[in-house]
Amino acid sequence: MKKGFDNEKYLKMQSEHISERIAQFGNKLYLEFGGKLFDDYHASRVLPGFEPDSKLQMLLQLKDKAEVVIVISAEDIEENKVRGDYGITYDMDVLRLIDEFQSIGLFVGSVCLTKFSGQPAAELFQKRLETLGIKSYRHYKIPGYPSDVNYIVSDEGYGKNDYIETERPLVVITAPGPGSGKMATCLSQLYHEHKRGVDAGYAKFETFPIWNIPLAHPVNLAYEAATADLNDVNMIDSFHLAAYGETTVNYNRDIEIFPVVNAMFELISGESPYKSPTDMGVNMAGNCIFDDDACCRASEQEIIRRYYKAVCEKRRKGTTKDSISKLEILMKQAGITLEDRTVAVAAMDKEKATENKPATAIELPDGRIVTGRTTDLLGASAAALLNALKALGGIDDEIKLIAPEAIEPIQTLKTNYLGSKNPRLHTDEILIALSSTAAHNENARHAMNQIPLLKGCDAHSTVLLSAVDEKMFKKLGIQLTCEPKYEEDDRKYHKQ
């Protein structure tokens, strides 16, 4: 819970640096915006003190100069690609993003459909945008992309793309997800701007990996853990080292594509403004770490959480999109083991002490660890949650916040009328019972007031939790991990 990142310094330094980059290119900059803009919870976990909406707040400091262009692949529209975190298709997410941006005062200029080749679903989406009064453009699939540079940077390549009309000095290129064609959109625009005699520039804004901290720094290793399914690898930027004699960190895809991008710059404008992938970036996050140890500890926990997430997904589904072996290697690189997750050790110890009944442990902001075990009335996670609220509120452990007679009617409703085989209360049900009790019980009311303090706490369960409990922990901001086993592991074929 100890902070290690200066968020105010970051907002100021980042916005100033982008303004400097705009001025460098004659007051027109296309900024490829990577990662999550509204809710970068990964960054807030590995850089304690970083606010999830920091990048958005930084852009708001430049809102008078900025406009947003949202890029979406026509192939993703045709395939109904879905965002895993929101559960909506990419085309619906474009509309959501427009609403989100405009509701906070950021100007959305248009939408660009990339990799267009006459996909029917893409054409329908473009018609919908037109009906909504949103300007849209088409960028086409280019044969030989990205290797055939001479063809790409020609009237037959970028020249065939629609020119996106923009009004402001800073054009932020963002997308619903990776692989949407943000960089290609930026370079296409540079081609068209150059033909119009406009001296425009390109820069890339990615938070991770952080270029000016060591390659094997836990913060950078945590980024590799977060992208284990993409096979991203952090690397020393050999181009930067050769040009400046300075060691910096980038990732494999940017380093591999740089010679191609550099050649495109030279064909577009006669010379490249950059000597390395690091030069293209504008990220100032590394300059705002003031407690390196706090960020290291937070990042180590994130790597372990990613490992638990992958092994649990494999236990549930039989497979996982993340590479478990890669996550194990990253743990070794960071010099950590599962024993370094103290909340997991505490949960396992509690399970052993209660004749192997499921247990849950929660680590409080001051480092104290409280546990909960499975009882006839409560599941272990619900019990741990109540015990955590007691500890935070200084309420004696022997005091019952909710009378058993208040819990029993809920159990009756679950089993007799709603068909549940499990009478024990889940976390959502125990919080509802607590809130109803708070109307006439001072201790319950005081416990309810402690709920905001749970945000950012770590928790661990010795068994896989239900979707209801996992969702509640997420809503509370508690960072949950679970052992990859079911409460009833004798059930081989179907798990409830």
At their closest point, which heavy atom of [X] faces which heavy atom of [Y], and how far apart are they?
| X | Y | value |
| --- | --- | --- |
| Val343 | Ala459 | CG2-CA, 4.0 Å |
| Arg373 | Thr354 | CD-CG2, 3.6 Å |
| Ala391 | Val370 | CB-CG1, 3.8 Å |
| Val345 | Glu339 | CG2-O, 3.6 Å |
| Pro52 | Tyr41 | CG-CE2, 3.5 Å |
| Leu113 | Ala122 | CD2-O, 3.5 Å |

> Looking at Leu97, Val111, Val108, Ile173, which one forms a side-chain contact (heavy atoms from CB on, under 4.5 Å) with Val68?
Replying inline: Val108

Between [X] (side chain only) and [Y] (backbone N and O only), is there a donor and an acceptor less than 3.5 Å apart?
| X | Y | result |
| --- | --- | --- |
| His217 | Val219 | yes |
| Asn283 | Phe208 | no |
| Glu67 | Phe107 | no |
| Arg315 | Glu483 | no |
| Lys314 | Pro484 | no |
| Ser323 | Ala228 | no |
| Glu75 | Thr114 | no |
| Asn220 | Ile210 | yes |
| Lys350 | Thr462 | no |
| Gln14 | Val282 | yes |

Out of curiosity, [X] [atom1] to [Y] [atom2], how far, rounded to the nearest 0.5 Å?
| X | Y | atom1 | atom2 | answer |
| --- | --- | --- | --- | --- |
| Cys295 | Lys2 | SG | NZ | 10.5 Å |
| Ile451 | Leu434 | CD1 | CG | 6.5 Å |
| Ile336 | Met331 | CD1 | CE | 5.5 Å |
| Leu385 | Cys457 | CG | SG | 10.5 Å |
| Ile18 | Met284 | CD1 | CE | 9.0 Å |
| Arg445 | His440 | CZ | NE2 | 10.0 Å |

Any Lys/Arg nitrogen of [X] or [Y] sitting under 4.0 Å from an Asp/Glu carboxylate oxygen of the other?
| X | Y | value |
| --- | --- | --- |
| Lys182 | Glu206 | no |
| Arg96 | Asp93 | yes |
| Asp254 | Lys204 | yes |
| Lys55 | Asp40 | yes |
| Asp458 | Arg341 | yes |
| Glu302 | Arg305 | yes |
| Glu224 | Lys326 | yes |
| Arg253 | Asp232 | yes |

>> side chain to side chain contact (heavy atoms under 4.5 Å, CB included) for Leu425 and Ile432? Distances and angles first, verdict last.
In response: CA-CA 10 Å; Leu425 267 59; Ile432 291 169; over 6 Å; no

> When you look at Ser435 and Met448, which way does the side chain to side chain contact (heavy atoms under 4.5 Å, CB included) test go after all the steps?
Replying inline: CA-CA 7 Å; Ser435 63; Met448 284 283 293; 3.6 Å; yes

Can you establish whether the number of heavy atoms outside [X] located under 6.0 Å from its atom [atom1] is more than 12?
| X | atom1 | result |
| --- | --- | --- |
| Asp293 | CG | yes |
| Lys135 | NZ | yes |
| Glu328 | CD | yes |

>> List the residues meeting side-chain contact (heavy atoms from CB on, under 4.5 Å) with Glu398, not counting sequence neighbours, and say none if there are none.
In response: Asp396

Any side-chain heavy atom of [X] within less than 4.5 Å of one from [Y]?
| X | Y | answer |
| --- | --- | --- |
| Thr337 | Asp340 | yes |
| Arg138 | Gln126 | yes |
| Glu100 | Ile104 | no |
| Thr371 | Asn387 | no |
| Val171 | Ile164 | no |
| Leu47 | Tyr10 | no |
| Leu327 | Val311 | no |
| Leu338 | Tyr307 | yes |

> Where does the angle between the aromatic ring planes of Tyr251 and Tyr223 fall among parallel (under 30°), tilted (30 to 60°) and perpendicular (over 60°)?
Replying inline: perpendicular

>> Can you confirm whether the side chains of Arg424 and Thr374 place a donor and an acceptor under 3.5 Å from each other?
In response: no

> Taking atom types as modelled and ignoring hydrogens, do the side chains of Asp469 and Thr427 form a donor-acceptor contact shorter than 3.5 angstrom?
Replying inline: yes

> Under the criterion salt bridge (Lys or Arg N to Asp or Glu O under 4.0 Å), which of Arg316, Lys309, Lys475 is the partner of Glu470?
Replying inline: Arg316

>> Could you walk me through whether Leu480 and Tyr308 satisfy the side chain to side chain contact (heavy atoms under 4.5 Å, CB included) test, starting with their C-alpha distance in whole Å, then the side-chain angles of each, then the deciding distance to 0.1 Å, before giving a yes or no?
In response: CA-CA 9 Å; Leu480 174 72; Tyr308 270 117; over 6 Å; no

> Please walk me through it: do Leu129 and Phe125 pass side chain to side chain contact (heavy atoms under 4.5 Å, CB included)?
Replying inline: CA-CA 6 Å; Leu129 291 173; Phe125 181 62; 3.7 Å; yes

